[in-house]
2 protein chains.
Amino acid sequence: MPLKHAILGLLNYADMSGYDIDRFFKSSIAFYWHAQTSQIYKELNNLTANHYVESDIVYQSDKPNKKLFHITDEGKVELHRWLADANIDDIMKYKNPLLIKIFFSGNLGIDQTMRLLEKYIQSCAQIIEDMNADINKISEFEAQIEQKDESFFWSMTMTYGFMYYQNEIKWANWCIDKLKERIS
Amino acid sequence: MPLKHAILGLLNYADMSGYDIDRFFKSSIAFYWHAQTSQIYKELNNLTANHYVESDIVYQSDKPNKKLFHITDEGKVELHRWLADANIDDIMKYKNPLLIKIFFSGNLGIDQTMRLLEKYIQSCAQIIEDMNADINKISEFEAQIEQKDESFFWSMTMTYGFMYYQNEIKWANWCIDKLKERIS
DNA sequence: GGTCCCATGTAACAAGTTACATGATTCC
DNA sequence: GGAATCATGTAACTTGTTACATGGGACC
């Protein structure tokens, strides 16, 4: 569901090609939702079949031609239905592959568990760096669309990202300290 | 992958029926991995087909008969292969449906966004309560299995749960404060 | 008689992953 | 000639969801 509605949400801001949408999922939004290129094109087919979006071919001389998608009235209704739906059951269906691994790490060596956690810390730190680099992209994107007030909500997700990954690092460091105590 | 290996991990501790495994996924481990009953039974079929687990029928007079699963040597090899695999690409493929909704909440009213966040806070608080109630289940489960040193790793996941959900509440409250500023 | 716990699934479908496949234009 | 960016997908497969389906035993 979220991918479908994220695409509708993007097309509600501006007309985009599959490539544009894919690029967006590879940048800012990637911190909250990861999606494959192939899945985006597949989902665009589904959305078209459901009459939530439509597309026109745009012929370009300097670049390959592209299919420009736009949201339909039906699509807007569906987007708002989803946004207004305050049911959070789906949201609470949490899945964390790292935690499953840690849970069973008693079968692994302490040193190997520590290495995994250290790798995780590095990845989280890298994401925080990437987010810092992406902060100005918000204003860039905002300049392209009509709605000028969006950045307020986008900043809430940005703040989430920083708080989340910092908290992950904090936890992983706590674990490493505890593991070190065990060795000595 | 994680479900498959979580089941292998559980069967590595003790022989279990599909029902036992399901109950486990509905309790403690639910904070890190949510799974449907139907999916567990399906996955047990896959694991059997791959010779990672085997089962025997246990006839019970006071209760319905059951299929008791045990891990094979092949299954143990696969479990350790997965545990030792330090590749964290899959782990970093993050997906957060709430954040997607917040990202597009500019199309919604501020009051509706606040209500969603308040609901989320309540759900997180409820989970923290449930986790507190489940803390003693660790020692219960530990008493049932051979390995006595596991609780150390389980406490790392428990600590994660508390830190994670407290951080979620902190962020959501920050958002609500910011939204309130907007109204006044 | 009703509810709860125990116990095991199937079928249809939706969502997500991996690998493959192609080809244009631009800039160095 | 090669790398980077633009551009769009398909096929096979795995994973996860939703709805359905059944039935025994215990306890009140």
Side-chain angles (χ1 to χ4, degrees), chain A residues 1-8 15-27 30 33-50 52-53 55-69 78 82 87 89-97 100, chain B residues 1-8 15-27 30 33-50 52-53 55-69 78 82 87 89-97 100:
Chain A
M1 292 298 199
L3 178 62
K4 185 157 96 181
H5 294 100
I7 292 173
L8 285 177
D15 296 353
M16 289 186 187
S17 68
Y19 186 79
D20 294 331
I21 294 168
D22 185 50
R23 250 190 339 180
F24 192 78
F25 273 95
K26 299 275 174 293
S27 66
W33 201 269
H34 162 269
Q36 269 87 16
T37 306
S38 63
Q39 206 191 342
I40 289 164
Y41 283 104
K42 205 210 280 187
E43 201 55 55
L44 281 168
N45 284 340
N46 290 341
L47 289 167
T48 304
N50 287 315
Y52 292 152
V53 303
S55 60
D56 300 292
I57 294 173
V58 174
Y59 297 93
Q60 300 181 115
S61 55
D62 54 333
K63 292 173 198 171
N65 300 336
K66 64 178 176 182
K67 270 167 84 174
L68 200 63
F69 287 88
E78 173 57 23
W82 176 76
N87 187 297
D89 292 351
D90 285 341
I91 287 165
M92 304 316 289
K93 282 175 186 167
Y94 184 64
K95 291 188 174 182
N96 189 322
I100 292 290
Chain B
M1 293 299 200
L3 178 63
K4 184 158 97 180
H5 295 99
I7 293 174
L8 286 177
D15 295 354
M16 289 187 186
S17 67
Y19 187 79
D20 294 330
I21 294 168
D22 186 50
R23 250 190 338 178
F24 192 79
F25 273 95
K26 301 275 173 292
S27 65
W33 201 267
H34 162 270
Q36 268 88 15
T37 306
S38 62
Q39 206 193 341
I40 289 163
Y41 283 104
K42 205 208 282 186
E43 199 56 54
L44 281 168
N45 284 340
N46 290 341
L47 289 167
T48 304
N50 287 315
Y52 292 153
V53 303
S55 62
D56 299 293
I57 294 172
V58 175
Y59 297 93
Q60 300 181 116
S61 54
D62 54 332
K63 292 175 198 168
N65 301 335
K66 64 179 176 183
K67 270 167 82 174
L68 200 63
F69 288 87
E78 173 57 24
W82 176 75
N87 187 296
D89 292 351
D90 286 341
I91 287 165
M92 303 316 288
K93 281 176 187 166
Y94 184 62
K95 291 189 175 183
N96 189 322
I100 292 290

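Chain letters run A, B, ... following the sequence lines, proteins first and then strands; every chain starts at 1. Being a predicted model, the structure only gives us computed values, none of them experimental.
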For the pair made of [atom1] in [X] and [atom2] in [N], what is the distance, rounded to whole Å?
X	N	atom1	atom2	answer
Asp22(A)	dA7(D)	CG	P	12 Å
Tyr59(B)	dG25(D)	OH	C1'	18 Å
Glu43(B)	dT15(D)	CD	C1'	8 Å
Lys93(B)	dT14(D)	NZ	C1'	13 Å
Tyr41(A)	dC6(D)	OH	C1'	9 Å
Asp20(A)	dT8(D)	CG	C1'	12 Å
Leu3(B)	dT15(D)	CG	C1'	9 Å
Leu44(A)	dA7(D)	CG	C1'	13 Å

Met1(B) has its side chain closest, among dT17(D), dA7(D), dT15(D), to dT15(D)
Range on DNA chain C touched by chain A, heavy atoms, distance below 4.0 Å
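That gives a stretch of dA15(C) to dT26(C).
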Keeping the roles fixed (side chain from Lys93(B), backbone from Trp33(A)), state whether a donor-acceptor pair exists under 3.5 Å.
no
Are any side-chain N or O atoms of Asn87(B) and backbone N or O atoms of Asp89(B), one a donor and one an acceptor, separated by less than 3.5 Å?
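Yes, because the side chain of Asn87(B) sits within donor-acceptor range (under 3.5 Å) of the backbone of Asp89(B).
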Taking only the side-chain nitrogens and oxygens of Gln36(B), find out if one of them lies under 4.0 Å from OP1 or OP2 of dT17(D).
yes
Using a cut-off of less than 4.0 Å, is there contact between a side-chain N or O of Gln39(B) and OP1 or OP2 of dT15(D)?
no
Is there a donor on the side chain of Ser38(B) or the base of dT18(D) sitting less than 3.5 Å from an acceptor on the other?
yes
Heavy-atom nearest nucleotide on DNA chain C taken for Lys66(B) and for Lys42(B); more 5' hit belongs to Lys66(B)
Report the residue (Lys95(B) or Leu68(B)) whose heavy-atom-nearest nucleotide on DNA chain C is the more 5′ of the two.
Leu68(B)
Which part of the nucleic acid does Lys4(A) contact within heavy-atom distance under 4.0 Å: base, sugar-phosphate only, or nothing?
nothing
Using a 4.0 Å heavy-atom cut-off across all strands, classify Asn46(B) as base, sugar-phosphate, or nothing.
nothing
Have Ser17(B) and Asp20(B) got a donor and an acceptor in their side chains that come within less than 3.5 Å?
yes
Residues Lys4(A), Asn46(A); criterion side-chain contact (heavy atoms from CB on, under 4.5 Å); working and verdict:
CA-CA 9 Å; Lys4(A) 185 157 96 181; Asn46(A) 290 341; 6.0 Å; no
Are Ile100(B) and Trp82(A) close enough, and set up right, to give a side-chain contact (heavy atoms from CB on, under 4.5 Å), and what steps lead you there?
CA-CA 11 Å; Ile100(B) 292 290; Trp82(A) 176 76; 3.7 Å; yes
List the steps and the verdict of side-chain contact (heavy atoms from CB on, under 4.5 Å) for Ile21(B) and Leu44(B).
CA-CA 10 Å; Ile21(B) 294 168; Leu44(B) 281 168; 4.0 Å; yes
Phe25(A) and Thr37(A): side-chain contact (heavy atoms from CB on, under 4.5 Å), yes or no, with the steps?
CA-CA 9 Å; Phe25(A) 273 95; Thr37(A) 306; over 6 Å; no
